[in-house]
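Below, all heavy atoms of this structure are taken into account, side chains as well, without hydrogens, waters or symmetry copies. Each ligand, and each atom within it, is numbered from 1 in the order the structure gives.
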Amino acid sequence: MNVAVMGYGTIGSGVVEILKVNKDVVAKRAGEELNVTKVLDLREFEGDPISKIIVHDYKDIAEDPDIDIVVETMGGVEPAYTFVKAMLENGKHVTTSNKALVADKGAELIRIAREHKVNFMFEASVGGGIPIIRTLNSCLTGDVIEEITGIVNGTTNYMMTKMTNEGSEFDDVLREAQAKGYAEKDPTADIEGHDACRKIAILTSLICGQQVDYQDVPTEGITGISADDIKYAAAMGRKVKLLATSTKVGRSYYCRVAPFLLEPGHPLYHVDDVFNAVFVHGNMLGDGMFYGSGAGKLPTASAVVGDIVAIAKHIDKNIYLEWEEEKLTLANPNQQSYRYFIRTDLDKDAITGIFSKVDFVDAGISGETGFITDELTELKLSDMTEDMGKEHIINKIRLA
Ligand code: HSE
């Protein structure tokens with residue numbers, strides 16, 4: 001079977017590398033040899049053997065009758081969407097690592113694939129090398145998934161781990177993460193939670209079988225987390241981590257991306273550095289957790305190659321996947337309840353005058369008071385912080 005790769009960047013070149021290094025095992029498992037015959041990229045790669053199979057027009061792949069499977073590792077919604085759609089309409093199977101494309105156009109591309117009796121797969125779009133998508137679609141398909149909570153962004157988990165272990169400030173850790181190549185030059189998508197938001201929208205769409213718009217997911221990043229917050233977390237015996245979470249409520253889900261304070265008993269507490277993990281609670285499974293390399297060239301490419309082999313085994317068949325285009329209205333996030341850790345410049349008397357029950361936290365930081373509230377809805381908390389005066393709030397972090 002012949003494979004084309006669109007986008008010869010980090011992941012695309014990783015896919016080519018795996019298909020070369022593991023050629024024999026992959027051939028055995030797929031039932032026949034898989035050859036990369038075309039690579040689409042704007043660049044020429046002169047002097048590199050790949051230059052012999054570089055093409056610059058996606059139609060050279062879409063209209064090539066000898067190509068069965070197309071890998072999309074370009075990133076971004078356009079032109080990836082136009083190219084992928086054309087591939088599916090031309091009867092080619094597609095696998096992608098592109099979470100922006102899947103979050104935005106997943107339901108539509110799944111339908112187009114179904115109409116053309118091919119497959120659109122996207123294992124690498126969430127959790128890098130962790131096989132979470134196929135796990136949800138196949139292994140746990142007999143369950144109603146009642147909760148899915150993940151650390152699905154390696155960059156921010158690395159940064160939170162560094163801040164926790166070294167007491168460093170956010171900006172210093174970000175600079176170091178950029179120097180090490182973990183954080184992008186423009187880190188916005190990671191540190192503002194946009195990347196995690198797309199990933200939880202994809203996972204929630206899969207567990208409910210409907211389109212979940214990532215724009216509907218309340219999203220906070222980690223930019224508001226300071227070394228002082230980490231000191232308070234240590235005083236509480238907790239760690240701050242960016243979580244992406246969905247919890248079933250009635251026929252819908254509460255969805256959220258935000259930094260949370262995790263206690264040591266939390267299943268995600270020990271997930272550190274660039275690692276990712278996804279905790280799942282199914283009504284039959286109970287608890288399950290999937291842990292591993294959530295980003296990087298070969299782990300992500302490994303997931304893409306897993307899709308290629310799955311496609312090769314189902315080359316004449318569309319594997320049904322439930323993700324309908326009809327949008328799911330998410331449950332009102334203001335009705336969700338948490339305990340909150342709050343830092344304020346008000347004194348203890350003022351706080352106890354507003355909140356009936358609090359636990360004070362002493363991290364040895366002068367001029368402010370830290371406390372944990374009772375369980376409150378987001379709406380109730382908003383009313384109470386209004387009573388405190390928003391200008392008196394230094395920070396607020398939810399407990400998990
Ligand atoms: N920027 C992402 C991360 C890459 O840090 O996890 C994988 O999606």
Side-chain angles (χ1 to χ4, degrees), residues 7 9-15 18 71-77 80 95-104 106 121-134 136 148-163 170 173-206 214 217 219-223 225 240-245 257-260 268 271-279 290-307:
T10 308
I11 314 300
S13 61
V15 171
I18 294 177
V71 171
E72 187 277 306
T73 46
M74 300 161 53
V77 177
T95 163
T96 181
S97 59
N98 183 343
K99 75 218 108 185
L101 176 69
V102 178
D104 217 30
M121 291 192 176
F122 42 91
E123 182 60 65
S125 64
V126 181
I130 305 173
I132 184 63
I133 306 259
R134 197 161 292 113
L136 293 173
I148 187 155
T149 299
I151 292 176
V152 289
N153 184 269
T155 306
T156 47
N157 203 38
Y158 171 83
M159 291 178 64
M160 287 293 97
T161 305
K162 273 264 165 196
M163 286 177 75
F170 181 87
V173 171
L174 177 58
R175 264 194 298 277
E176 195 188 322
Q178 284 172 315
K180 287 198 166 161
Y182 291 148
E184 311 261 349
K185 224 195 235 158
D186 178 0
T188 315
D190 291 320
I191 62 177
E192 296 290 2
H194 304 159
D195 173 85
C197 167
R198 281 163 177 79
K199 289 169 175 169
I200 195 67
I202 294 170
L203 294 176
T204 312
S205 298
L206 290 174
Y214 68 86
V217 178
T219 298
E220 292 166 37
I222 58 163
T223 49
I225 304 296
V240 181
K241 298 210 168 275
L242 183 72
L243 300 185
T245 178
V257 172
F260 281 83
L268 296 167
V271 178
D272 281 335
D273 299 311
V274 285
F275 285 99
N276 282 198
V278 182
F279 167 83
F290 306 89
Y291 169 88
S293 302
K297 176 176 173 169
L298 293 177
T300 309
S302 160
V304 175
V305 174
D307 276 353

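Looking only at heavy atoms of the protein, atom 1 (N) of ligand 1 is closest to Asp190 OD1, 2.9 Å.
The two residues Leu242 and Pro259 have their closest heavy-atom pair at CD1-N, 3.7 Å. Taking all atoms of both residues into account, the shortest heavy-atom contact from Gly127 to Asn276 is CA-OD1, 3.8 Å. Across all their heavy atoms, Val152 and Lys199 have their closest contact at O-NZ, 2.8 Å. When all heavy atoms of Ile225 and Val240 are compared, the closest pair comes out as CD1-CG1, 4.0 Å.
Residue Asn276 has no nitrogen or oxygen atom sitting less than 3.5 Å from a nitrogen or oxygen atom of ligand 1, judged on distance alone.
The Lys199 neighbourhood of ligand 1 comprises atoms 6 (O), 7 (C), 8 (O), with distances under 4.0 Å to a heavy atom of that residue. Atom numbering of ligand 1 starts at 1 in the shown order; those under 4.0 Å from a heavy atom of Thr155 are 1 (N), 3 (C), 5 (O). Listed by number with element, the atoms of ligand 1 under 4.0 angstrom from any heavy atom of Gly154 are 3 (C), 5 (O), 6 (O). Of all atoms in ligand 1, numbered sequentially from 1 with element shown, those under 4.0 Å from a heavy atom of Ala295 are 4 (C), 7 (C).
The only member of Val173, Asn153, Thr156 that meets side-chain contact (heavy atoms from CB on, under 4.5 Å) when paired with Ile222 is Thr156.
When heavy-atom distances to ligand 1 are checked against a 4.0 Å cut-off, Asp195 comes that close only through its side chain, counted from C-beta outward.
Counting only distance, with no hydrogens or angles, the side chain of Thr73 and the backbone of Gly7 share a donor-acceptor pair below 3.5 Å.
For the ligand labelled ligand 1, residue Glu184 lies outside the 4.0 Å heavy-atom shell.
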